[in-house]
Colleague: 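First the structure, then my questions, so here it is.
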Amino acid sequence: MLHSATKFISGHSDVVAGLAVAGSKEIGDKIGFLQNALGTILSVQDSWLLLRGLKTLNVRMKASSASALRIAKYLEKENRVKQVYYPGLPRHVGTAIHASQAVSGGAVLSFALEDEDAVRQFVGSVTIPVFAVSLGAVESILSYPAKMSHAAMSKDDERDSRGITDGLLRLSVGLEDADDLIADFSKAFAKLENRKNLASGSR
Ligand SMILES: *Cc1c(COP(=O)(O)O)cnc(C)c1O
């Protein structure tokens with residue numbers, strides 16, 4: 001099995017690494033031989049950072065997943081949010097299968113605003129999450145799949161049909177206090193609301 005250690009396993013946005021888990025010692029030894037021959041190994045610094053991160057994986061995942069669930073529930077109630085995608089929410093598609101295979105909904109969720117304009121305003125207003133393409137770290141990371149990770153997909157055929165619309169944002173929840181994140185988002189949504197009211201001329 002292959003894992004990325006760049007995300008939650010190291011967890012601090014400072015290592016690019018991966019691991020191959022072999023089902024037998026024989027295969028493990030073969031991989032080890034090839035690594036030794038080809039030099040495809042981690043540096044000393046990266047190994048040290050990875051081992052350090054690994055020690056707190058369990059508590060980081062628990063804390064971030066608990067916050068993600070709270071934030072997902074909060075986002076469901078925001079009227080500028082059209083849809084929340086998080087397998088820890090009861091109404092999410094496939095939640096029963098997910099619950100039979102995992103101990104929580106995890107630390108990553110996504111939510112859809114109405115369009116790119118709303119996304120730009122929201123991203124410009126939030127102050128706590130880092131706006132970047134990554135995920136799986138101690139800091140919360142907000143990313144915009146349509147223009148970042150999934151920009152290479154064609155809009156109509158691939159992105160929109162998979163729900164990766166121009167209004168979709170992905171949030172990887174870190175270790176900040178969930179109340180602080182929710183307050184930060186609430187302020188950003190309130191700003192969106194004000195602008196909408198100004199634009200439509202209402203008071
Ligand atoms: C995910 C990611 C990569 C790629 O890492 P993999 O372990 O190959 O998945 C590289 N850089 C950043 C910033 C990333 O978030």
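What you are looking at is a predicted structure, and each value in this text was computed from that prediction instead of being measured. Below, each value reflects all heavy atoms present in this structure, side chains not excepted, and no hydrogens, waters or symmetry copies. We count ligands from 1, going down the list as the structure has it; atoms in each ligand are counted the same way.
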Colleague: Could you list the residues that satisfy salt bridge (charged side-chain N to carboxylate O under 4.0 Å, His left out) with Asp179, not counting sequence neighbours?
Modeller: Arg70
Colleague: Backbone N or O of Thr127 within a donor-acceptor pair of the Asp184 side chain at under 3.5 Å?
Modeller: yes
Colleague: Please list all pairs passing the salt bridge (charged side-chain N to carboxylate O under 4.0 Å, His left out) test where one or both residues lie in residues 18-41, with sequence neighbours left out.
Modeller: Lys25-Asp29
Colleague: Please check if any side-chain donor atom of Arg60 sits under 3.5 Å from a side-chain acceptor atom of Ser64, or the reverse.
Modeller: no
Colleague: Among residues at least two apart in sequence or on other chains, which ones pass ring pair (Phe, Tyr, Trp, His ring centres under 6.0 Å) with Tyr86?
Modeller: none
Colleague: Short question: side chain of Arg170, backbone of Ile141 - any donor-acceptor pair under 3.5 Å?
Modeller: no
Colleague: Please output the residues near ligand 1 using a strict heavy-atom distance under 4.0 Å, listed in chain and residue-number order.
Modeller: Ser4, Thr6, Lys7, Ala17, Ser134
